[in-house]
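Side chains included, hydrogens not; waters and symmetry mates left out as well; all remaining heavy atoms used.
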Amino acid sequence: MKLFFERHRFDVVINLAAQVGVRYSLTNPRAYTSSNVDGFLNILEGCKSQSVKHLIYASSSSVYGLNSAMPFEESDRTDAPASLYAATKKSNELMAHTYAHLYGVPSTGLRFFTVYGPLGRPDMAYFLFAKNICSGKPINIFNHGNMARDFTYIDDIVESIFRLIPKPPAANRQNRLLTDFIPKTASSAPHSIFNIGNGKPVNLLDFINILEDKIGIKTELNMIPMQPGDVEKTWANTSKLHSYIQFKPVVNIHEGISRFVDWYRDYYGIVQKQKIVNAQKG
């Protein structure tokens, strides 16, 4: 990474790379500290060396951890993570603030809420659900379905990032109280945090019903207990984002899943397979 920054010049750096997922962090924790802590430090050092004008980096809604007040706001406390993954993303926010404070690297952290859509991660729940539904296999439902997520379509994520690129946070030279994520702390660092979510939580069972409807297949549900490190509900307050870039996510869950299913069928060529599964079930 040091050589990469030495060979190229950047005005803006967008860092979306990380070791992701809550469940894998239970079995391979060092992959998270290696990628999300050491790896992010390499990014910060590169930005410092070039006096980059704006660093945008991926945080996560998981930093809200065991918070119970809804919807989640950027000013909420985030010191009770429920997983190591969440803890490493929280560390990214603290590290970015430190480099903004010490070296004047303008940084924007984005707390993404359950991103989904075409070309998504195959390890995510909605992707696994689609795979099993299309294959006629049962799917596991954690916490017996008593879960909700603020699903955010990928196009809305991209649009938000695009609009944030030319708007780096400015240093607060009046040394006013920053309440983004350090309540009651006087900080003049050019560092901001934004929620990027749809603002409309969807119950897990409702999500599955929509997915089944779009695919055209009903499947068996295995109701199982909550997995360690998981949380029951996420819900984003996006008023700060909307105020800053005059945009908030607009793709609703029905449209988003429909687009995903269309892509999934085309990408994996499952049209004929689906017909066979339907014939077997009929």
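One hydrophobic cluster, built from ILVMFWY side chains closer than 4.5 Å, holds both I196 and Y153. The cluster map of Ile, Leu, Val, Met, Phe, Trp and Tyr, joined by side-chain heavy atoms under 4.5 Å apart, puts L16 and L241 in the same cluster. A chain of hydrophobic side-chain contacts below 4.5 Å, direct or via other Ile, Leu, Val, Met, Phe, Trp or Tyr residues, connects V52 to Y103. A continuous path of Ile, Leu, Val, Met, Phe, Trp and Tyr side chains, each step under 4.5 Å between heavy atoms, connects V202 with M226, placing both in one hydrophobic cluster. Hydrophobic clustering, with ILVMFWY side chains joined whenever heavy atoms are under 4.5 angstrom apart, keeps L84 apart from V231.
Geometrically, R111 does not engage F194 in a cation-pi contact, judged by NZ or CZ lying under 6.0 Å from the ring centre and within 45° of the ring axis.
Under the 4.0 Å criterion applied to side-chain N and carboxylate O atoms, K214 and D262 are not assigned as salt-bridge partners. Checked for salt-bridge contact, K89 and E93 miss the test: no charged N lies under 4.0 Å from a carboxylate O. By the 4.0 Å N-to-carboxylate-O rule, R149 lies close enough to D230 to be salt-bridged with it. A salt bridge does not link K233 with D150: every distance from a Lys NZ or Arg NE/NH1/NH2 to an Asp or Glu carboxylate oxygen is 4.0 Å or more.
A donor-acceptor pair under 3.5 Å links the side-chain atoms of T98 to the main chain of L94, judged by distance alone. With hydrogens and angles ignored, the 3.5 Å screen pairs no side-chain donor or acceptor of N67 with any backbone N or O of F72. Here the side chain of Y64 pairs a donor or acceptor atom with the backbone of E73 at under 3.5 angstrom. Without hydrogens or angle criteria, T108 side chain to I56 main chain gives no donor-acceptor distance under 3.5 Å. Side-chain N or O atoms of K240 include one that pairs as donor or acceptor with a backbone N or O of I193 at under 3.5 Å. Under a 3.5 Å cut-off, the side chain of S34 and the backbone N or O of R30 do not form any donor-acceptor pair. Although no hydrogens or angles enter the test, the distance criterion places a donor-acceptor pair under 3.5 Å between the side chain of N132 and the main chain of P138. Although no hydrogens or angles enter the test, the distance criterion places a donor-acceptor pair under 3.5 Å between the side chain of N209 and the main chain of L205. Between the side chain of N198 and the backbone N or O of V251 there is at least one donor-acceptor pair closer than 3.5 Å. Not one N or O on the side chain of T152 forms a donor-acceptor pair closer than 3.5 Å with the backbone of V115.
With a 6.0 Å radius and a threshold of 12 heavy atoms from other residues, nucleotides or ligands, H144 has its NE2 atom above the threshold. Other residues, nucleotides and ligands place more than 12 heavy atoms under 6.0 Å from the NZ atom of K167. By the neighbour-count criterion of 12 heavy atoms within 6.0 Å, atom NZ of K200 is sparsely surrounded, having that number or fewer from other residues, nucleotides or ligands.
At a threshold of 4.5 Å between non-hydrogen side-chain atoms, the residues I161 and V158 do not count as touching. Under the 4.5 Å side-chain criterion, counting only non-hydrogen atoms from C-beta, C47 is not in contact with Y99. Taking the side chain as every heavy atom from C-beta outward, C134 and I215 approach each other to under 4.5 Å. With a 4.5 Å cut-off on side-chain heavy atoms, M1 and E45 do not count as touching. Counting heavy atoms from C-beta outward, S160 and I245 have side chains that approach closer than 4.5 Å. Residues N195 and F112 fail the side-chain proximity criterion, which asks for heavy atoms closer than 4.5 Å. The shortest side-chain heavy-atom distance between I141 and L204 falls under the 4.5 Å cut-off. Between E212 and I133 the shortest side-chain heavy-atom distance falls below 4.5 Å.
Taking each heavy atom of V63 and K90 in turn, the nearest pair found is CG1-N, 3.7 Å. Of all the heavy atoms in A31 and Q19, the pair that sits closest is O-CB, 3.7 Å. Closest approach of A58 and N92 over heavy atoms only: O-OD1, 4.3 Å. For the residue pair P71 and A236, the shortest heavy atom distance occurs at CB-C, 4.0 Å. The two residues M124 and T114 come nearest to each other via the heavy atoms CE-CG2, 4.2 Å. In this structure, L211 and A130 approach most closely via the heavy-atom pair CD2-N, 3.9 Å.
When ring centroids are compared, F260 and Y116 stay outside the 6.0 Å threshold. For F247 and F162, the ring centers are positioned 6.0 Å apart or more. Proximity of the aromatic rings of F5 and F10 is defined here by a centroid distance below 6.0 angstrom, and this criterion is met.
Between F127 and Y264, the angle of the ring planes goes over 60°, which puts this pair in the perpendicular group of the 30/60° scheme. Ring geometry for F129 against F207 counts as tilted: the plane angle lies between 30° and 60°, on a 0 to 90° scale. Between W263 and Y268, the ring-plane angle classifies as perpendicular under the 30° and 60° cut-offs. In this pair, H101 and H97 present their aromatic rings parallel. The plane angle is below 30°, not in the 30 to 60° band.
In this structure, the separation between CG on D11 and OG on S51 is 11.5 Å, given to the nearest 0.5 Å.
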Take M147 and N203, measure what side-chain contact (heavy atoms from CB on, under 4.5 Å) needs, and give me the verdict at the end.
CA-CA 6 Å; M147 301 181 73; N203 180 271; over 6 Å; no

For K248 and D156, what are the C-alpha separation, side-chain angles and deciding distance, and is it a salt bridge (Lys or Arg N to Asp or Glu O under 4.0 Å)?
CA-CA 8 Å; K248 57 183 176 181; D156 287 332; over 6 Å; no

How far apart are the C-alpha atoms of M95 and V37, what are their side-chain angles, what is the distance that settles it, and do they pass the side-chain contact (heavy atoms from CB on, under 4.5 Å) test?
CA-CA 9 Å; M95 294 164 70; V37 180; 4.3 Å; yes

Checking side-chain contact (heavy atoms from CB on, under 4.5 Å) for the pair L128/I139: CA distance, chi angles, key distance, verdict?
CA-CA 8 Å; L128 295 173; I139 57 179; over 6 Å; no

Yes or no on side-chain contact (heavy atoms from CB on, under 4.5 Å) for I208 and L221, after CA distance, side-chain angles and deciding distance?
CA-CA 10 Å; I208 292 169; L221 308 181; 4.2 Å; yes

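No side-chain N or O of Y32 forms a donor-acceptor pair with one of N36 less than 3.5 Å apart.
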